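Here's the structure we're looking at; comments come further down.
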Amino acid sequence: GKAMRAVSEDRDAAQLMGINVNRTISITFAIGSALAAVAGVLLCSKVQSVWPTVGSMPGIRAFTAAVFGGIGSIPGAFLGGILLGIIEAMAKAYISTQLSNSIVFAVLIVVLLRFIVPQFISAVTNVITIVTANEDKIAAFVARLGLNPEFVTSKITEFTDWVRANLSLIAGTAFNTVVSMFSSVTD
């Protein structure tokens with residue numbers, strides 16, 4: 001466990017501390033594959049038939065739990081899974097058993113709206129700020145390449161203005177793409 005965490009943080013430092021990095025990565029993939037195989041056997045023993053999308057809803061539930069609890073945090077993902085299970089059980093008891101997948105999907109949409117979309121908008125805004133602040137350096141670099149710096153800076157300004165004007169549209173389109181991808185899996 002400590003070797004896996006050390007390798008995930010910094011391979012070079014882990015190797016300098018005497019950890020066999022390649023062996024640790026191989027063992028990690030073997031453990032992950034074994035756990036996936038056990039999960040597949042348990043799922044198929046319940047379902048009793050196999051089709052290409054047999055694991056899509058459990059995958060969406062696991063993804064929702066991981067995002068809900070915080071990606072990168074095992075206790076958070078565990079608590080997210082418990083919370084998602086409680087939400088799903090309450091929805092089955094008080095709303096409808098047929099809508100349980102839709103409710104899980106609604107939780108995913110709410111979590112994505114709450115956490116992912118604002119981070120996307122913040123990242124795009126930061127990129128625009130960095131590009132705008134370094135426009136003269138970009139122009140100097142373009143001039144060294146033998147290109148017309150005025151043309152490039154005008155195109156950068158045009159592009160950043162367009163992104164600023166359409167940022168909500170871009171975020172909405174990205175979100176709609178994710179929603180349509182997951183809704184096609186749940187159908």
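Only this structure's heavy atoms are used, side chains among them; waters, hydrogens and symmetry mates stay out. Treat the numbers as computed from the prediction; the structure is a model and nothing was measured.
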key: Hydrophobic cluster membership, Tyr94 vs Leu84, 4.5 Å side-chain cutoff   = no
ask   = Do the side chains of Phe63 and Phe78 join up, straight or via other hydrophobic residues, at under 4.5 Å, putting them in one cluster?
value =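 No, separate clusters.
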Which heavy atom in [X] sits nearest to a heavy atom in [Y], and how many Å separate them?
X: Val21; Y: Arg11; result: CG2-O, 3.7 Å
X: Thr24; Y: Asn20; result: OG1-O, 2.8 Å
X: Met4; Y: Ile31; result: CE-CD1, 3.5 Å

How long is the gap from [atom1] on [X] to [atom2] on [Y], to the nearest 0.5 Å?
X: Leu43; Y: Lys46; atom1: CG; atom2: NZ; value: 7.5 Å
X: Ile25; Y: Ile19; atom1: CD1; atom2: CD1; value: 11.0 Å
X: Asp10; Y: Arg5; atom1: CG; atom2: CZ; value: 15.0 Å

